[in-house]
Asks: 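Dropping a structure here in structure tokens format, bear with me for questions.
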Amino acid sequence: MTVTTKIIRTTLILQFLFYGLFAIGQNATNRFTIHQSVQSRTDAIFDSLVKIRRDFHIHPEVSGKEKRTSEKIASYLLSLGLEVKTGVGGYGIVGILDTGRPGKKIAWRADIDAIATDLPDVVDFPSKNKGVRHICGHDLHATIGIGIANVLASQKEKLEGTIYFIFQPSEENAKGAQMMIADGLFNLIKPDEIYALHMTPYPVGTIATKSANVFVHMTAIEVEYKASSDQDSLVNFTKELLSSAQTYNQSSEFWDLKNVFNPELGVTNPNTIYKDFIALMSDFNIKKTDDKLKVRIMVHASSIEKLNTFLASIKSKIETSKYAKELQSVKFDFMEEMPVFFTPMNNQELTNASMKSISSIYGEQSVIPLYGMGPFSFSDDFAYFQELVPGVYFFLGGANYEKGINAMPHTPTFAIDEECIRTGVNYFSSMIIERLNN
Ligand SMILES: [Zn+2]
Ligand SMILES: [Zn+2]
């Protein structure tokens, strides 16, 4: 190597460094600018989004009957200039925002159905459909979905790739996602990544999530014996065996479900007591017939591995007990063809990346990392989409304790601080932009 070439190389390296840094600086400026535009657009449409949310709330529709809601969403998306597919798996809608430039394909899913309930509606704009109420916040999910579509459509010229908006019916009966998939959703669209949110009692202004499962795995465990002359001992033996296999005994603070949101014990603490558990969630159901005895109970587990280990251990303990001869089967039996109830499973890489992009734009306090899950019977059929496309399921904070707004879905006093519409539209519009640019 000669000295001359050394100088040329050094010059090239310096030029590269200079232009490289300049390009990075430009990118940072663009990045900042586009997220400012997102926020001004959200502010500009916020009042109209609140009106739309209240309209959905006043006219709730149960699973499978979301005709009006679906028509409103379709006409809104058409007004934004999106390509719109209707009737996908019942009243499902797909809006396609194609920037005309090649790039990533990102899907956003919002569920739109309400619930049959006679609980009174606690807001100033209550449901006019007697016996039906948005008590799970899907009126907000639908509104935030169209808000994101509006904001991203307004930034279309600055984006590359395609954004799909999936408005899913029938989430509450866990049928809608499968209906949309069976109706060819993923022939219509081919997303690389998929995202969704659900309202939760975290403070408004925050989002929360974790990688892997965000809800428990649920099943009924059913132990079946041949009829025996000493059924009482069989029942007592099974009850004691199952109870002793629980992670926490009945006197534990684990069972005070307020603790799920407690900063010391709850799921936002890395050392949460809700990280690794098996919990029996119902009373024992004993069924005796002439030739059989069945002992059945609901079980929640923090992971599928934990649940499988639990089953294997229970089975082996009964098989090696003095009741082995009476045993017929030990099975997981959530419902027909579904031994264990599904739960959303978040892709680790996408979870970390999306949490990081939101906190870098909106501040550390906007993102709450979770380390466990409450033993609630919640789930979401968004899980079916995630089986086919990697994605993340977020919780969106809708509570405001100073205003007495609690935001726990499916509870009588469920209400939401509508400021969460602004948070949801801002954070997730920005997140999708960051994913497209990734
Ligand atoms: Zn619900
Ligand atoms: Zn819900």
Side-chain angles (χ1 to χ4, degrees), residues 53 56-57 59-66 69-70 73 89-93 108-119 121-123 127 129 131-146 166-180 194-202 204 207-209 213-216 218 257 260 281 300 334-335 341-346 370 373-386 391-399 405-418 420-421 423-424 428:
R53 183 264 162 150
F56 288 149
H57 193 91
H59 304 281
E61 295 169 303
V62 292
S63 308
K65 309 265 187 212
E66 309 89 341
T69 311
S70 171
I73 294 166
Y91 288 115
I93 301 272
W108 179 264
R109 172 275 208 168
D111 44 4
I112 64 173
D113 53 331
I115 296 173
T117 172
D118 286 324
L119 289 168
D121 206 347
V122 298
V123 289
S127 164
N129 293 354
V132 184
R133 190 184 146 192
H134 271 296
I135 197 172
C136 201
H138 300 188
D139 48 343
L140 290 129
H141 301 177
T143 305
I144 291 168
I146 61 180
I166 301 168
F167 291 89
Q168 183 208 307
S170 300
E171 190 283 324
E172 289 295 347
N173 62 9
K175 289 184 178 160
Q178 287 174 295
M179 278 158 50
M180 291 190 86
I194 189 164
Y195 299 91
L197 65 75
H198 204 292
M199 300 308 315
T200 40
Y202 293 112
V204 67
I207 58 133
T209 194
N213 55 312
V214 294
F215 295 115
V216 293
M218 292 179 271
L257 294 188
V260 171
M281 298 303 295
H300 285 184
F334 187 80
M335 59 172 82
F341 202 52
F342 53 82
T343 173
M345 290 292 281
N346 288 341
L370 301 178
M373 70 292 298
F376 307 115
S377 299
F378 287 128
S379 193
D380 196 306
D381 67 353
F382 180 66
Y384 289 112
F385 295 134
Q386 284 179 308
V392 184
Y393 182 85
F394 295 94
F395 295 116
L396 177 65
I405 299 175
N406 113 356
M408 186 68 174
H410 292 233
T411 57
T413 54
F414 174 73
I416 288 289
D417 185 333
E418 287 171 326
C420 77
I421 297 172
T423 318
F428 295 113

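Order of appearance sets the numbers: ligands from 1, and atoms from 1 within every ligand. Sequence positions, counted from 1, serve as the residue numbers for this chain.
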Asks: Is there a side-chain contact between Tyr91 and Phe167 (heavy atoms, below 4.5 Å)?
Replies: no

Asks: Given the Zn ion (ligand 1) as the apex, I'd like the angle to OE2 of Glu172 and SG of Cys136, rounded to 10 degrees.
Replies: 100°

Asks: Looking at the Zn ion (ligand 2), is there an N, O or S atom belonging to His198 that lies under 2.8 Å away from it?
Replies: yes

Asks: Quick test of your reading of the model: are Arg109 and Asp380 salt-bridged, counting only N-O distances below 4.0 Å?
Replies: yes

Asks: Holding to side-chain contact (heavy atoms from CB on, under 4.5 Å), I want the full list of residues that pass it with Met218, two or more places apart in sequence or in another chain.
Replies: Val216, Met298, His300, Phe334, Phe341, Ser377, Ser379

Asks: Of all the N, O or S atoms in His410, which one sits nearest to the Zn ion (ligand 1)?
Replies: NE2

Asks: Can you spot which of Phe395, Phe382, Phe376 makes a ring-ring contact (aromatic ring centres under 6.0 Å, His included) with Phe215?
Replies: Phe395

Asks: What's the atom name of the N, O or S in His138 nearest to the Zn ion (ligand 2)?
Replies: NE2

